[in-house]
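Note: hydrogens, waters and symmetry copies are ignored here, and every other heavy atom, side chains too, is used.
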Amino acid sequence: MAAGMSGGAPQRPLAAPPLPPIVSRPPPAAAAAAAAAPPPPAGNGPAPGGRGRGGAGSCAGRRPPLGRPQSRAAAAAAGMALRALWLLKHDPAAVLFSRRYPTVEIRAETFNGSTHVPVPSDSAFLKALLFELRLVDDHIFVEHRDTCTRINHSSVYSVRTEGGDLWPVLAFRKSGLIYACLPLVEETLEPRPPLLTISGLSQGLALLLGIVDYISPSRKNEAEMSAKIGQLRHLLIQACPLGTPLNTNIRSLNSSFDDIQEMPTDENQPAWRSNTYKGKPQVNVCITEKVKCMQYDKRDVVDTWQVYGAVNCKCDIEGSAPNVTLSLNLPMNGPPLQDIVVHHCVTSVDPAMLMSSSAEPLDDSVYSGPYKFPFVPPSDSFNLCYYTSQVPVPPILGCYQLIEEGSQLKITVNLKLHESIKNSFEYCEARIPFFNRGPIAQLECKISYGQLDLSREKSLLVWVIGQKFPKSLEVSLTGTVSFGAAGKEHPTDYVCTGNTAYVKLCFRIPDFTLTGCYVDQHSIQIFAPGKPKITASGELISSDYYIWNSKAPAPMVYKTLLD
């Protein structure tokens, strides 16, 4: 560690030995939320979800390779149907859109038998879901909702209604709106079947993400958003007739009734390829990896980190059903990809690829690539696959010490960039919030590198490290902070009380992946006329990257909730 750290606790060497990370299944999202999701066409909890993540769905798992879709009747018979879906608002509470499918509800009554719970009215569902998501009455402890034995690691909820517990409700928040749907379960609900056996979850998530993609660009323009919500009913007649999702790319659909009956002219054209491209062929591939991290600088608490990635593709290729094969490669001795979830347009994959799980220890027989994905691409951009990986060390090691001395806080922050990481950032900053205190009245800090800013509310220090670490790859901040009288406008936190506090790192490294995963442009095979232009890129982004105060108790509960 850089010199100058106060306190008598023994210091951890910066070149820490590799520790096994806690890595789990990514959000089908991505990516979501891991981005909300996010993370993902193959329904997920990881939530980027893994250890379940919040955000867009956590029912993702390994899915068997899927070929081209069969007829609509065959798709409906496969059980991928929705009983209802909603678009809701929390503040103020309102139902912006809802759609119910009576024919699917009749099927649900038949399959579920005595365990069937009817879909409540929109107002009753809104109230019950907001309560379940802790968006109302969050200060009241309710045992069935708040007990620590029932921490939800996915975006699938059991919503308590007058008719019983409605399950499985897939719901997530995005940009101030709540997207929810209720998939059909073709069996009795007691005991509850595993989420991976409910095929409607992944299709429901894909449809909700399509609605997000359609609605989100207009969320800041109320009039435009209202107009788009008004068109949803017409669009869903095409995208989800009779409750069966057929096309999750809502943006590609026509908002009028004129083209509803129009079918693809080529019978081989898959349902997800809603239109054909005319022009010079080109393929764009971007690998986005996100890293979560919890560092404590304590001997009795193990630091943890998670890496999860998504491969986004945009294939502008002529033809109704062009075939593309893309390969992901790893450097020699690179950590293998695990928990791989593929898009439904992938026609076949090596089963060994899908069997690699982060829940099991690595051995010499683990599949290490190359990872080949033959697929028929959708018309718009899509995430080809999601994955996790057990990297040996986090990109930035840090230590944070906060000690209260009278009316002042003495803070010390030391950061070191690992030598294997590309020292070229788009941005890199450390945010140091001060909860449950008044505005910063006096600040005396010394930094070895970068620039230190104070937020307008005077409750957050932003240490802008910039686009590079110095040659030593180490930076430090020391200083004292004193506060004025607390007001309602200053941040509060039920967990971060006293000296329990953290530093949050935010950074992005372009043209770099933590796993070393890359796309070999020469290995991309396209069975279509013309020579395509191929571009490939990568990026590493921080996500919930926390360094906790080593002079205070480790907030293990908070760590679990963030995962």
Q: Taking all non-hydrogen atoms of both residues into account, name the closest pair between Arg192 and Ser158 and its distance.
A: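 Minimum heavy-atom separation between Arg192 and Ser158: NH2-OG, 2.9 Å.
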
Q: Have a look at Phe507 and tell me which of Tyr545, Phe512, Trp463, Phe469 forms a ring pair (Phe, Tyr, Trp, His ring centres under 6.0 Å) with it.
A: Tyr545

Q: Within the distance-only criterion (no hydrogens, no angle test), does the side chain of Ser448 pair as donor or acceptor with the backbone N or O of Ser476 below 3.5 angstrom?
A: yes

Q: Identify whether NZ of Lys or CZ of Arg in Lys228 sits under 6.0 Å from the centre of the six-membered ring of Tyr214 and within 45° of that ring's axis.
A: yes

Q: To the closest 0.5 Å, what do you measure between OG1 (Thr515) and CD (Gln338)?
A: 11.5 Å

Q: Measure the acute angle between the ring planes of Tyr502 and Trp548, then classify it against the limits of 30° and 60° as parallel, tilted or perpendicular.
A: perpendicular

Q: Do Thr288 and Glu539 pair up side chain to side chain, a donor and an acceptor below 3.5 Å, judged on atom types alone?
A: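 Checked: Thr288/Glu539 side chains pair up, N/O donor to acceptor below 3.5 Å.
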
Q: Donor-acceptor check, side chain of Lys468 to backbone of Asn423, threshold 3.5 angstrom: yes or no?
A: yes

Q: Among Val413, Ile411, Leu461, whose side chain to side chain contact (heavy atoms under 4.5 Å, CB included) with Val503 holds?
A: Val413

Q: Using side-chain heavy atoms (C-beta onward) and a distance below 4.5 Å, is Thr513 in contact with Glu289?
A: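 When only atoms from C-beta onward are counted, Glu289 and Thr513 do touch, with a gap below 4.5 Å.
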
Q: So which atom in Ser542 and which in Cys506 form the shortest heavy-atom distance, rounded to 0.1 Å?
A: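 The pair with the smallest heavy-atom distance is OG-CA, 3.2 Å.
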
Q: With a 4.5 Å heavy-atom cut-off, do Gln306 and Thr388 have their side chains touching?
A: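 No. Closest side-chain heavy atoms not under 4.5 Å.
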
Q: Would you sort out whether Ile229 and Ile215 count as a side chain to side chain contact (heavy atoms under 4.5 Å, CB included), showing the intermediate values?
A: CA-CA 7 Å; Ile229 292 175; Ile215 295 289; 3.8 Å; yes

Q: Counting heavy atoms not belonging to Lys127, are there more than 12 under 6.0 Å from its NZ?
A: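 Open: at most 12 neighbouring heavy atoms sit under 6.0 Å from NZ of Lys127.
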
Q: Would you call Tyr179 and Leu85 a side-chain contact if the rule is heavy atoms closer than 4.5 Å?
A: no

Q: To the nearest 0.5 Å, what is the distance between CD1 (Ile211) and OG (Ser216)?
A: 11.0 Å

Q: Look at the side chain of His90 and the backbone N and O of Leu135, then say whether any donor-acceptor pair between them is shorter than 3.5 Å.
A: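 Yes, the answer is positive, given that a donor and an acceptor are paired below the 3.5 Å cut-off.
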
Q: Which heavy atom of Leu330 sits nearest to which heavy atom of Pro335, and what is that distance?
A: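 Heavy atoms only, the tightest pair is CD1-O, 3.3 Å.
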
Q: For residues Leu182 and Pro168, report the shortest heavy-atom separation together with the two atoms involved.
A: CD1-O, 3.4 Å

Q: Report the distance from atom CD1 of Ile396 to atom CG of Leu417, rounding to the nearest 0.5 Å.
A: 5.5 Å

Q: Counting only heavy atoms from other residues, nucleotides and ligands, does the tally under 6.0 Å from CZ of Arg431 exceed 12?
A: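 Count not over threshold, so no.
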
Q: Find out whether Tyr296 and Asp303 are in side-chain contact, i.e. whether some heavy atom of one side chain is under 4.5 Å from a heavy atom of the other.
A: yes

Q: Looking at Leu402 and Lys551, what are the two nearest heavy atoms and their distance?
A: O-CB, 3.7 Å

Q: For the residue pair Tyr387 and Ile287, what are the closest heavy atoms and their distance?
A: OH-CG2, 3.3 Å

Q: Go through the steps for Trp167 and Thr115 under the test side chain to side chain contact (heavy atoms under 4.5 Å, CB included), then give the verdict.
A: CA-CA 10 Å; Trp167 182 89; Thr115 63; over 6 Å; no

Q: Do Leu397 and Gln295 have side chains that get closer than 4.5 Å, going by heavy atoms?
A: yes

Q: Would Leu514 and Trp305 satisfy side chain to side chain contact (heavy atoms under 4.5 Å, CB included), going step by step from the backbone distance to the final call?
A: CA-CA 12 Å; Leu514 194 55; Trp305 54 94; over 6 Å; no

Q: Hey, does Phe125 have a side-chain heavy atom less than 4.5 Å from the side chain of Val95?
A: no

Q: What is the distance from atom CG of Asp213 to atom OG1 of Thr248, rounded to the nearest 0.5 Å?
A: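 So the CG of Asp213 and the OG1 of Thr248 are separated by 9.5 Å.
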
Q: Going from NZ on Lys504 to OG on Ser543, what distance comes out if it is rounded to the nearest 0.5 angstrom?
A: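 These two atoms lie 7.5 Å from each other.
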
Q: Atom CG in Leu209, atom CZ in Phe382: separation rounded to 0.5 Å?
A: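 Reported to 0.5 Å precision, the distance equals 15.0 Å.
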
Q: Please confirm whether the backbone N or O of Asp493 pairs with a side-chain atom of Asn436, one donor and one acceptor, at under 3.5 Å?
A: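 Pair found, side chain donor or acceptor close to backbone of Asp493.
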
Q: Distance-only, no hydrogens or angles: does the Asn549 side chain make a donor-acceptor pair with backbone N or O of Asn499 under 3.5 Å?
A: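 It does hold such a pair.
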
Q: Check whether any side-chain heavy atom of Phe434 sits under 4.5 Å from a side-chain heavy atom of Ser459, and report yes or no.
A: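 No - every pair of side-chain heavy atoms lies 4.5 Å or more apart.
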
Q: Kindly indicate whether the side chain of Ile465, heavy atoms from C-beta on, has any atom under 4.5 Å from the side chain of Leu415.
A: yes

Q: Where do Phe97 and Leu177 land on the side chain to side chain contact (heavy atoms under 4.5 Å, CB included) test, with the steps shown first?
A: CA-CA 11 Å; Phe97 176 83; Leu177 301 180; over 6 Å; no

